[in-house]
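Bear in mind that the values here come from a model prediction, so they are computed numbers and not experimental data. Computed over heavy atoms, backbone and side chain alike; hydrogens, waters and symmetry mates excluded. Residue numbers start from 1 in every chain, and the chains themselves are labelled A, B, ... in the order their sequence lines are given, proteins ahead of strands.
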Amino acid sequence: MKHYKRYLVTAALPYANGPLHIGHLAGAYLSSDIYVRFQRLMNKDIVFICGSDEHGAAITIKALKEGKSPQEIVDTYHAQFKDTFSRIGVSFDMYHRTSEPLHHTTSQEFFTTLYNKGEFEEKESEQYYDEEAQQFLADRYITGTCPKCGHPDAYGDQCENCGTALSPTELIDPVSKLSGKTPVLRRTVHWYLPLDKYESWLKTWVETGDLEGEHLHNPEDWKNHVLGQCKSWLDGGLQPRAMTRDLDWGVDVPHQIPGHEGKKLYVWMDAPIGYISATKQWAADNKKNWKKYWQDKDTALIHFIGKDNIVFHCLIFPAILRAHGDYILPMNVPANQFMNLEGNKISTSRNWAVWVHEYLDEIPGREDELRYVMIKNMPELKDSEFTWKGYQEAINTELVNNLANFVNRVITLTNKYYNGKVPAFDEDTQFIGPDGPMDETFHDSETVRLYDDIDVLSQYIRDFDFRGGLKTLMEISTKGNQILQFNEPWKTIKEDPETVKAVINICLQYVAAITVISRPFMPFMSDKLRAMLNMKPFAEKGEWLKMMDDLSEGKVLIKKNHQIGEPLHLFTRIEDQVIDNQIQKLASAKNSNPQPEIVSKTERIPVKELITFEDFAKIDIRTATIIHAERIEKADKLLKLTLDLGFEQRTVVSGIAEQYKPEDVIGKKVSLIANLAPRKMRGVESQGMILMAENDQGQLSFVSPGQDWQNGQIVK
RNA sequence: CGCGGGAUGGAGCAGUUGGUAGCUCGUCGGGCUCAUAACCCGAAGGCCGUAGGUUCGAGUCCUACUCCCGCUACCA
């Protein structure tokens, strides 16, 4: 493996339109914090960068809803993020924000460089514009009728009913979510990054790690799902992607560029460059050279993100960096999957979440407990699950019973037998090792064993396997308990005090080691234990490395006759009441907010604008009977129906297969829009559309004439 | 639809180049009492999603299918 002179670690910039929940922690912030703290303890030159992502339409809209300015919204969340991260012990060297002038100039300079190099393609397109709100509309802010399934509430990018990917211009009767009015098409010019031109080197770089004869990373070190996601995109072919938007809240397109008016940088020209501006700010504050961290080939750049950001960090941002030319590419992008909560997906809008700031307020002093449970269940390779019962069990059985209890036993015994002074011992004293009575051992061989175990733990962290690392930490604690248990010093203290000295001493070495090796995972506990041992607090500057050196040279970590303090409980049990309260809270969140999406949807859909009788008369609705129905192959939601109109038969494709089986609908009387222009769906031409009523839950009901009604009659 | 990831004892997970299926928690039995009724030892419990195939031999490789999660480019 290549030796790097320095590390630059980024954690995904949280978007400033809602508080942080445990999914954020599990996704990117704890994993990055563990890695960074470990590397600091290994005396590496490492910088840990993050900041608030504060631009985009979602923030404008939230501001409008709450009657505030966008700046007020992002100020609130930025302050909250900073505070929450600090309280849970995420140790950023710099927590910046994209609304800072430094960031605006940095991203504009970046854009200008690409512009001057001629990397962009300028293209004109037609986009929907809301005349009342006086702005162009992001796809998500346009709804209309899905051209494929007829669902009346499809978004501009996708119909959630039939799952079809759409472009806003395909929608029938588009409506702006901002004003409720019909948007108009306007010509607009944007600058596109020609990803198609970079596809070839991106593919080679991702899949082999090679770029222009240099081996930059080892794909085997990348997580499977990260590579898979990239390959999937690469195989599908990359398309040019617009790097600017018609927005009013964001970084301006540099003013010296003709046609910049009203244009802002697209989030992927904005947010990831936030990593760079944050590094600049850190360098300025600490008298360092930021370029070393972004432009020197001996720097390892590592992006910690959630899986939703994979392609942007593995393909688009690297493309941007290389198009600029001066920058290095990421050495690894250890993306985590998602953490579910009590069996359901975490959802901000449905309030199905454990909010980190609320946790800190409601269960104070238990930062490391949350960290422990998050790390234990970290979704490193697949989705995982957080439950309050699991939280309680992990803390009570693992942290309290195993780890805290081991420490407590050792410190209590040391105080009881040796007045709190680390006992001197004879190196030739034999005692029983952690493998049981047959495992006869000596102090120095146990030191070696400890060294080996810690070495394994280090490797887990380097490999981004933090669960494995945490497990190894607990195994070391278990071995400590085993040494005590097999040697039973409370029994042998009278007849064999020499052996007890060696046993207690090695256990104290274990405890001293635990102050170091627990530090990346549980920094608060590490501090507490350090104080209990009366050892000097950590600066996180090479302490782990020094420990490994000491152990390998046969030196002890805590010297004989060192005076330790009184035992305190490192962790205490979580009572049922605490857990019940939290479960109760989740339950009430669910009840008070049963289906907010749907409630707001009903409110959101105003009655459409007035039409004249002549307009209505254009629609020819006829009664008909379904005489044949079959599923369409490889389509979940579509049924191919044959309708009898009396005077003719028609084929109609309808998106009702999820609620109706073919045999259920045969014989059904329906109303058909008979003069709707035909449209092909999955290769079958649909000659009309059946009228369906839909309720808030998305259930469907036929709008039908009476069962004995004739076919082909006019509905008006 | 397409693509990516996943499915292993009650729960949560490991399983390297194919060679007797492991760990943590829980359950049951035992030991111990320094310790926060903790700790230590032992036991029970699995057709490794389904169906085929390759092989002397498959959790591991191949094919098809089922279910879960995600992505699908303008939500950020």
What is the distance, rounded to the nearest whole Å, between atom [atom1] of [X] and atom [atom2] of [N]?
X	N	atom1	atom2	result
A:I73	B:A76	CD1	P	16 Å
A:D270	B:A76	CG	P	11 Å
A:K479	B:C23	NZ	C1'	13 Å
A:M474	B:C13	CE	C1'	16 Å
A:I476	B:C39	CD1	P	18 Å
A:L265	B:A76	CG	P	14 Å

Which nucleotide in the set [options] lies at the smallest distance from any side-chain heavy atom of [X]?
X	options	value
A:K471	B:A73, B:C23, B:U36	B:C23
A:L238	B:C13, B:C41, B:A73	B:A73
A:N481	B:U36, B:A76, B:C40	B:C40

[atom1]-based separation of [M] from [N] [nearest Å]:
N	M	atom1	result
B:G5	B:G18	C1'	23 Å
B:A7	B:C47	C1'	16 Å
B:G19	B:A76	P	49 Å
B:C23	B:A14	P	15 Å
B:A73	B:U60	P	35 Å
B:U66	B:A44	P	39 Å
B:G46	B:U36	P	39 Å
B:A51	B:G42	C1'	40 Å

* Structure fact -> RNA chain B nearest-nucleotide lookup for A:H190 and A:E385: closer to the 5′ end is A:E385
Kindly indicate whether the side chain of [X], heavy atoms from C-beta on, has any atom under 4.5 Å from the side chain of [Y].
X	Y	result
A:T188	A:K263	yes
A:Y418	A:V500	yes
A:V184	A:D130	no
A:F304	A:P334	yes
A:Y266	A:R241	yes
A:K528	A:D368	no
A:H303	A:F317	yes
A:E446	A:I483	yes

* Inspect the contact between A:K471 and A:E398 and indicate whether a charged nitrogen and a carboxylate oxygen are less than 4.0 angstrom apart. => no
* Asked: Judged by modelled atom types alone, do A:N481 and A:N402 share a side-chain donor-acceptor pair under 3.5 Å?
  -> yes
Is [X] touching bases, backbone alone, or none of the nucleic acid, heavy atoms closer than 4.0 Å?
X	answer
A:V267	sugar-phosphate
A:L570	base
A:Q239	base
A:R467	sugar-phosphate
A:F486	sugar-phosphate

* To do: Walk me through it: do A:M374 and A:Y391 pass the test side-chain contact (heavy atoms from CB on, under 4.5 Å)?
  => CA-CA 9 Å; A:M374 293 285 103; A:Y391 164 91; over 6 Å; no
* Asked: Quick one: what's the B/S/- string for nucleotides 25-34 of chain B, heavy-atom cutoff under 4.0 Å, read 5' to 3'?
  -> SS----BSSB
* **Contiguous Watson-Crick or G-U pair runs (3 or more, under 3.5 Å) in RNA chain B** => B:2-7 with B:66-71, B:10-13 with B:22-25, B:27-31 with B:39-43, B:49-53 with B:61-65
